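As the structure is a computational prediction, the values presented were derived from the model and not from experiment.
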Amino acid sequence: MAGKKIGIMGGTFDPIHMAHLRLAETAYDLFQLDQVIFLPSSDPPHKAGRKITCYGKRAEMVKAAIENNPHFICSDLERMRKGYSYTSETLEWFASENPENTYYFIVGSDSLFYMEEWHEPEKIFRLATILAATRGEVSEVQLAEKIRFLTERYHGSIYPLKYANLDISSSMIRKLVSDGHSIRYYVPDQVIKYIQENRLYI
């Protein structure tokens, strides 16, 4: 059976916003993916000690945001795992469950510069093609040099992912809600409704 091209986009998603969605859609379009899996982190190690919204509410916001897109799905994999959420272990799970598929791990270009410090980076580059989204804080020259270095070191496949970067962050969304300001057009209407009904970030 022929495998599929599956994008994986992990994140805290506290909350998910339009920049997340545009990035995933751009990856789907440019790399002709069959599906993009959103993977809310359960216990991200890089945010240890920081208060984050419970997994269930973050996952519900993701599901609300993507409900009308047939090639987006939300995976509850992280809910079933204990301890820190390591990308290498997540990719290993997907590869073992459906080895016929090809996986594309979508990250921001800023994250690419820290991936050597991640848990088992060699496994990440072996199990997935990395799509590094171009962002304003990293120049194309810097990104190209980093991609060249990591490709030589880990023998992986890494491609820049050019997309119209929306200057939105989850921390900005939380601050706007906390201050009583509108977040319309920053997040999908379904997510605004969920935030209001559950009195999040106030």
Enquirer: Got a donor-acceptor contact below 3.5 angstrom from the Lys5 side chain to the Phe31 backbone?
Expert: yes

Enquirer: For Lys57, look at atom NZ and say whether over 12 heavy atoms of other residues, nucleotides or ligands are found less than 6.0 Å away.
Expert: no

Enquirer: What heavy-atom pair brings Ile8 and Leu39 nearest, and what distance separates the two atoms?
Expert: CG2-CD2, 4.3 Å

Enquirer: Crowded around Asp167 CG? As in, over 12 foreign heavy atoms under 6.0 Å?
Expert: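 At most 12 heavy atoms, drawn from other residues, nucleotides or ligands, come within 6.0 Å of this atom.
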
Enquirer: So how far is it from His155 NE2 to Arg153 CZ, rounded to the nearest 0.5 Å?
Expert: 10.5 Å

Enquirer: Say whether, by atom type as modelled, one donor and one acceptor occur between the side chain of Ser182 and the main chain of Arg184 under 3.5 angstrom.
Expert: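 Yes.
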
Enquirer: So if you build clusters from Ile, Leu, Val, Met, Phe, Trp, Tyr with side-chain heavy-atom gaps below 4.5 Å, do Ile37 and Phe105 land together?
Expert: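 Same cluster.
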
Enquirer: Roughly how far, to the nearest 0.5 Å, is the CG atom of Leu112 from the CZ atom of Phe149?
Expert: 11.0 Å

Enquirer: For the residue pair Pro121 and Tyr154, what are the closest heavy atoms and their distance?
Expert: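 That would be CG-OH, 3.7 Å.
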
Enquirer: For the NE2 atom of His17 and the CG atom of Leu166, what is their distance to the nearest 0.5 Å?
Expert: 9.0 Å

Enquirer: Check the hydrophobic clustering (I, L, V, M, F, W, Y; side-chain heavy atoms under 4.5 Å; chains of links allowed) and say if Leu91 and Tyr159 are grouped together.
Expert: no

Enquirer: Once rounded to the nearest 0.5 Å, what's the spacing between atom CG of Leu131 and atom CG of Leu30?
Expert: 9.5 Å

Enquirer: Is the closest side-chain heavy-atom distance between Ile202 and Val177 below 4.5 Å?
Expert: yes

Enquirer: With side chains defined as the heavy atoms from C-beta onward, is the minimum distance between Phe94 and Ile6 less than 4.5 Å?
Expert: no

Enquirer: Could you walk me through whether Arg58 and Val62 pass the side chain to side chain contact (heavy atoms under 4.5 Å, CB included) check?
Expert: CA-CA 6 Å; Arg58 289 184 287 113; Val62 171; 5.8 Å; no

Enquirer: For the side chain of Asn101 and the backbone of Gly3, is there at least one donor-acceptor N/O pair under 3.5 Å apart?
Expert: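 No, Asn101 side chain to Gly3 backbone: no donor-acceptor pair under 3.5 Å.
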
Enquirer: Is it the case that the side chain of Gln142 and the backbone of Ser139 share a donor-acceptor pair, with hydrogens and angles ignored and the cut-off at 3.5 Å?
Expert: yes

Enquirer: So Asp76 and Tyr55, do their side chains get closer than 4.5 Å, heavy atoms only?
Expert: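 Yes; the side chains approach each other to less than 4.5 Å.
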
Enquirer: Answer yes if Met9 and Ile73 sit in the same cluster of Ile, Leu, Val, Met, Phe, Trp and Tyr residues linked by side chain heavy atoms under 4.5 Å apart, and no otherwise.
Expert: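 No; tracing contacts between hydrophobic side chains, which count when under 4.5 Å, never links both residues.
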
Enquirer: Please state whether the rings of Tyr28 and His71 are parallel, tilted or perpendicular, taking 30° and 60° as the class boundaries.
Expert: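 The rings of Tyr28 and His71 lie parallel, inter-plane angle below 30°.
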
Enquirer: Would you give the length of the straight line joining atom NZ of Lys123 to atom CH2 of Trp118, rounded to the nearest 0.5 angstrom?
Expert: 15.0 Å

Enquirer: Around atom CZ of Phe125, are there more than 12 heavy atoms of other residues, nucleotides or ligands at under 6.0 Å?
Expert: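 Atom CZ in Phe125 is packed in, count exceeds 12.
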
Enquirer: If you compare all heavy atoms of Asn98 against all heavy atoms of Tyr103, which two are closest, and at what distance to 0.1 Å?
Expert: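 Smallest interatomic distance, heavy atoms only, reads O-OH, 3.2 Å.
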
Enquirer: Apply side chain to side chain contact (heavy atoms under 4.5 Å, CB included) to Gln35 and Lys4, showing your working.
Expert: CA-CA 8 Å; Gln35 193 174 65; Lys4 294 182 178 180; 5.8 Å; no

Enquirer: Can you name the closest pair of heavy atoms from Glu120 and Ser88 and give their distance?
Expert: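 The pair with the smallest heavy-atom distance is OE1-OG, 3.1 Å.
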
Enquirer: Is a side-chain donor-acceptor pair under 3.5 Å present for Glu60 with Asn198?
Expert: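 Not at all, the side chains of Asn198 and Glu60 share no donor-acceptor pair under 3.5 Å.
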
Enquirer: Taking C-beta and beyond as the side chain, do Leu161 and Leu23 meet within less than 4.5 Å on heavy atoms?
Expert: yes

Enquirer: When rounded to the nearest 0.5 angstrom, what is the spacing between OG1 in Thr102 and CG in Leu127?
Expert: 11.5 Å

Enquirer: Going by heavy atoms in the side chains, are Pro15 and Ile195 under 4.5 Å from each other?
Expert: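 They are in contact (side-chain heavy atoms under 4.5 Å apart), so the answer is yes.
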
Enquirer: Surrounding CD of Glu97 (heavy atoms of other residues, nucleotides or ligands, distance under 6.0 Å), is the total greater than 12?
Expert: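 Counting neighbours around CD of Glu97, more than 12 heavy atoms of other residues, nucleotides or ligands fall under 6.0 Å, so yes.
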
Enquirer: Hydrophobic cluster membership, with links at side-chain heavy-atom distances under 4.5 Å among I/L/V/M/F/W/Y: are Tyr194 and Ile168 in one?
Expert: yes

Enquirer: Going by heavy atoms in the side chains, are Asn69 and Glu25 under 4.5 Å from each other?
Expert: yes

Enquirer: Out of curiosity, does Tyr185 fall in the hydrophobic cluster containing Ile66 (side-chain heavy atoms, cut-off under 4.5 Å, transitive links)?
Expert: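 Looking at the clustering, Tyr185 is in a separate group from Ile66.
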
Enquirer: Can you see which heavy atom on Ile106 is nearest to which on Ala27, and at what distance?
Expert: CD1-CB, 3.6 Å

Enquirer: Find out whether Tyr201 and Thr53 are in side-chain contact, i.e. whether some heavy atom of one side chain is under 4.5 Å from a heavy atom of the other.
Expert: yes

Enquirer: Ignoring hydrogens, what is the shortest heavy-atom contact between Thr90 and Glu78? Give both atom names and the distance.
Expert: OG1-OE2, 2.9 Å

Enquirer: Decide yes or no on side chain to side chain contact (heavy atoms under 4.5 Å, CB included) for Asn165 and Thr134, but give the supporting numbers first.
Expert: CA-CA 8 Å; Asn165 183 29; Thr134 55; over 6 Å; no

Enquirer: For a 4.5 angstrom cut-off between non-hydrogen side-chain atoms, does Pro188 reach Leu21?
Expert: yes

Enquirer: If the threshold is 4.0 Å, N to carboxylate O, is there a salt bridge linking Glu116 and Lys146?
Expert: yes

Enquirer: Between Phe13 and Phe38, how do the two ring planes meet: parallel, tilted or perpendicular, split at 30° and 60°?
Expert: tilted

Enquirer: Set out, in order, the CA-CA distance, both residues' side-chain angles and the distance that settles side chain to side chain contact (heavy atoms under 4.5 Å, CB included) for Ile124 and Ile130, then state yes or no.
Expert: CA-CA 9 Å; Ile124 296 173; Ile130 308 300; 3.9 Å; yes

Enquirer: Do side-chain atoms of Ser178 reach the backbone of Arg174 as a donor and acceptor pair under 3.5 angstrom?
Expert: no

